[in-house]
Amino acid sequence: MSIRIYVPRDSSALALGAEPVAKAIAQEAQARGLDVTILRNGTRGMVWLEPLVEVETPLGRVGYGPVTTRDVVGLFDAGFLQGADHALHQGIVDEIDWMRAQQRITFARTGVIDPLSIADYRAHGGFDALVKALTMPSTQIVDEVSASGLRGRGGAGFPTGIKWCTAAQVQAEQKYIVCNADEGDSGTFADRMLMEGDPFALIEGMIIAGLAIGATKGFIYIRSEYPHACHVIERALRLAQRAGYLGERIMGSAQSFSIEMRMGAGAYICGEETSLLESLEGKRGQVRAKPPLPAIAGLFGKPTIINNVLTLATVPWIITHGAAAYAHLGSGRSRGTQPFQIAGNVKRGGLMELPFGVSLREIIETYGSGTASGRPLRAVQVGGPLGAYFPAHLLETPLDYESMSAAGGLLGHGGIVLFDDSVDLARQARFAMEFCAIESCGKCTPCRIGSTRGVELIDKISANQEREGNVTVLKDLCETMTEASLCALGGLTPLPVMSALTHFPEDFAPPATAGLAAQ
Amino acid sequence: MNMSMSMAEESFDRARAGELIAAKAGLDGALLPILHDLQKAFDHVPDAALPLIAEALNLSLADVRGVVSFYHDFKREPSGRHVLKICRAESCQAMGVEALVTHLAKAHQLTLGDTSKDGALTIEAVYCLGHCACSPAALFDNEPIGRLSPAMLDELVLQAGETSA
Ligand SMILES: Cc1cc2nc3c(=O)[nH]c(=O)nc-3n(C[C@H](O)[C@H](O)[C@H](O)COP(=O)(O)O)c2cc1C
Ligand code: SF4
Ligand code: FES
């Protein structure tokens, strides 16, 4: 019988050499006359072990990683097809420490199944929720999502049920479901991993959202920096269409739903929902003033639900297992699980899905295992480029929406980026302003002009020009940006800047020699 | 630079552009899909194509120009035969991407946003490629690269010089 070997095709695995490894395994098996089937799964999220090759054995899937082409002959010699010991042997993958303590809901199938096999998807509970939802009154679907406590995973944490309820109640001939797959935050890659590893989960979630609000058309807006995810989604859409899950009369029901994929064009601001809608309409990605809410007048002026990839991909689980099972997990008003992503200067980078409320320290120490450089950890940025820099003494902060905001930061899309002691926080603060200047949509002055002013001010402070005065001006500027920006790009850029200034003032201080000279 | 511009204009295939535009003109919000297809076919969005788009979509030329200029992906002129996009966002900063940028400048006289003199390689800055768990990251002709090192950069520059796209 053919032995099944899994070699990930997730693009981070490819970035670490998975493709030549897959080829080398196929060649070596052929040379030895062995009957193997090579399957291309997504990633389990342990990027530090990629390429992680898994072999199916009677005991479970045994992992070897990180594998290079040079290891392949040795793996065959050692008997890895029987799960034998080897220097790269990691044991049963589900029992690796990193995997064991997780609660995988959104990511239950990613890394496990063949992403482009509907049969595999169905064998792992896929489309069960759709079958169920097709028998439910639409209000009941909305109620279920509301009761689960699910909040938007794109960053703002808005209750998904409320958004859906608003869109459901508006009468309109045409409504839309838009999936926000613009994932622009540094340190985040959960949307990408899900789309590459379990695309049908997203598709199923969108169809259910369509049933819930009475929409028949969906768009997935993926950033162009994700060519592999675009490719997988396009293929998955075609497969789902052919198998009758998309199109007219889905699964033989009276309902219709179709999805188109659209590619972004390299603009961070297009992750902001109204800018994304403008972009989908074929315009410059400029932010719209709210109201009207997109749920009332969104894409082409029609009621539109915009949700993040993870939000939508979590819905099928909630419908299948019930709202209570989901709401049972988490802490405070943050219910369920969050796929966290640890990156930057980290020994073990990757994704782990855990209930809200786990502390930053636990993720950094238990999962990340410290810095990649081996030097002391100095700062942690949570929640992407608009997130705060945390110093060591704030690492006990629980990771949920409320605790993070109480600590002066935000959870965002769940990205955690580590910096060792070589980091210069003044430089990071400058970058935050520079990034805002590069990516500003230009609609409002505090963001467009303020960010450029911010860069200049930080330069002056670093050059020790009228330091105190300029620090005060910088603080004022941050206040103005916070209060007077139309959207969170200008409104939250002060977060990384001010957290750097507050927690790491020494990095903004004049260099020691300059200080002496001045005395 | 002027050379390549004029060559691009000369080689502008109006019929091909027309086909690409017509193929997508019926989509809702057709402009970005059309611009992507032109960018892909011509390796830039030729100026000469803009009036064709405006006409097909019933937009003003100014509107079309405004959209092209808003998005970083749409180029006004062709890139080098190979394109290396280097991530310069926070996670990659934490893993020393700035040192790589310096290395490119010192060892290869290449700066972000520029194309090498022989037209072999264009270097661009991007902000996050979703490979932050193996920073610093890059895309070389759309293929992902993780844990980019100076030695790997040297290799890529060499490879770009030796091969045509
Ligand atoms: C500057 C900016 C960038 C954003 N980028 C993204 C993004 O890449 N992906 C995303 O899902 N949401 C992003 N958001 C949040 C969206 O505006 C919106 O809240 C979200 O798509 C709603 O979906 P959710 O409720 O499922 O989170 C961004 C917001 C801002 C202000
Ligand atoms: S804050 Fe910046 S990005 Fe947001 S609307 Fe204003 S100018 Fe545009
Ligand atoms: S920050 Fe560089 S790949 Fe994400």
Side-chain angles (χ1 to χ4, degrees), chain A residues 11-12 14-16 45 47-48 50 183-189 191-193 224-229 260 262-268 270 279-286 299-300 341-346 349-351 372 381 384-385 415 417-420 423 427-428 431 435 438-439 441, chain B residues 24-25 27-37 39-40 45 53 57 59 63-75 85 87-96 98-99 124-148:
Chain A
S11 56
S12 277
L14 296 179
L16 297 170
V47 176
W48 53 284
E50 293 293 358
E183 195 167 59
D185 291 358
S186 165
T188 70
F189 38 81
D191 297 350
R192 183 186 63 65
M193 283 182 173
S224 61
E225 291 86 345
Y226 283 1
H228 290 73
E260 263 183 65
R262 289 291 169 88
M263 206 159 78
Y268 177 76
C270 287
S279 184
L280 268 180
E281 290 182 7
K283 302 178 188 150
R284 294 162 69 89
Q286 271 185 325
L299 187 61
F300 302 111
Q341 301 123 86
I342 189 161
N345 199 323
V346 64
L351 173 142
Q381 188 179 29
V417 176
L418 272 48
F419 293 82
D420 72 10
V423 67
R427 194 167 163 172
Q428 296 309 120
F431 176 75
F435 184 73
I438 296 171
E439 300 295 339
C441 86
Chain B
K24 296 275 167 84
L27 291 179
D28 294 329
L31 187 48
L32 260 70
I34 287 175
L35 293 174
H36 272 303
D37 286 355
Q39 170 74 40
K40 198 166 163 198
V45 178
I53 304 174
L57 300 185
L59 296 169
D63 281 342
V64 178
R65 282 224 171 88
V67 172
V68 175
S69 66
F70 184 85
Y71 296 96
H72 301 300
D73 280 3
F74 303 132
K75 312 289 182 206
K85 296 182 182 174
C87 173
R88 225 181 169 180
E90 289 90 340
S91 174
C92 292
Q93 291 166 9
M95 288 303 282
E98 291 310 314
E124 286 175 25
V126 287
Y127 297 93
C128 197
L129 295 166
H131 302 305
C132 335
C134 51
S135 293
L139 280 180
F140 183 71
D141 294 339
N142 265 349
E143 285 309 312
I145 302 171
R147 299 193 197 116
L148 188 63

ask   = With sequence neighbours excluded, what pairs up with B/Phe140 under the ring pair (Phe, Tyr, Trp, His ring centres under 6.0 Å) test?
value = B/His82

task = State, with a plain yes or no, whether a side-chain heavy atom of B/Cys132 is found less than 4.5 Å away from one of A/Val417.
result = no

message = For B/Leu139, which atoms come within 4.5 Å of any heavy atom of chain A: side chain, backbone, both, or neither?
response = side chain

ask   = With chain A, which of B/Leu31, B/Leu35, B/Leu129 has the greatest number of heavy-atom pairs at distances under 4.5 Å?
value = B/Leu129

query = Distance from B/Arg147 atom CZ to A/Leu16 atom CG, nearest 0.5 Å?
reply = 4.5 Å

Closest-packed option against chain B by number of heavy-atom pairs under 4.5 Å, given A/Ala372, A/Ala267, A/Ser279, A/Gly350 = A/Ser279

note = By ring pair (Phe, Tyr, Trp, His ring centres under 6.0 Å), B/His36 pairs with (sequence neighbours left out) B/Phe74

inquiry  = Just so I understand: if I count every heavy-atom pair under 4.5 Å between each of A/Gly264, A/Gly384, A/Cys270 and chain B, which residue has the most?
reply    = A/Gly264

note = Closest non-hydrogen atoms of B/Glu90 and A/Ser186, given as atom of the first, atom of the second and distance, are OE1-CB, 3.2 Å

request  = Compute the centroid of each ring, for A/Tyr268 and then for B/Tyr127, and state whether the two points are separated by less than 6.0 Å.
outcome  = no

inquiry  = So which atom in A/Arg284 and which in B/Gly66 form the shortest heavy-atom distance, rounded to 0.1 Å?
reply    = NH1-O, 2.7 Å

request  = With the side chain counted from C-beta on, respond yes when A/Arg262 and B/Leu27 share a heavy-atom pair under 4.5 Å apart, and no when they do not.
outcome  = yes

inquiry  = What I'd like to find out is whether the side chain of A/Arg427 reaches to under 4.5 Å of the side chain of B/Gln93, using heavy atoms alone.
reply    = no

ask   = Based on non-hydrogen pairs under 4.5 Å, which of B/Val126, B/Asp63, B/Asp28, B/Val68 is most in contact with chain A?
value = B/Asp28

note = Shortest non-hydrogen pair, A/Ser12 vs B/Cys134, comes out as OG-SG, 4.2 Å

message = Give me the atom names and distance for the closest heavy-atom approach of B/Ala133 to A/Gly349.
response = CB-C, 3.6 Å

task = Would you mind telling me which of A/Gly415, A/Pro385, A/Gly45 has the largest number of heavy-atom pairs within less than 4.5 Å of chain B?
result = A/Pro385

query = Just wondering, do A/Glu225 and B/Lys85 contact through their side chains at under 4.5 Å, heavy atoms?
reply = no

remark   = Here the pair of heavy atoms bringing A/Gly187 nearest to B/Cys128 is N-SG, 4.2 Å

query = Which heavy-atom pair separates B/Met95 from A/Asn345 by the least distance, and what is that distance?
reply = SD-CA, 3.4 Å

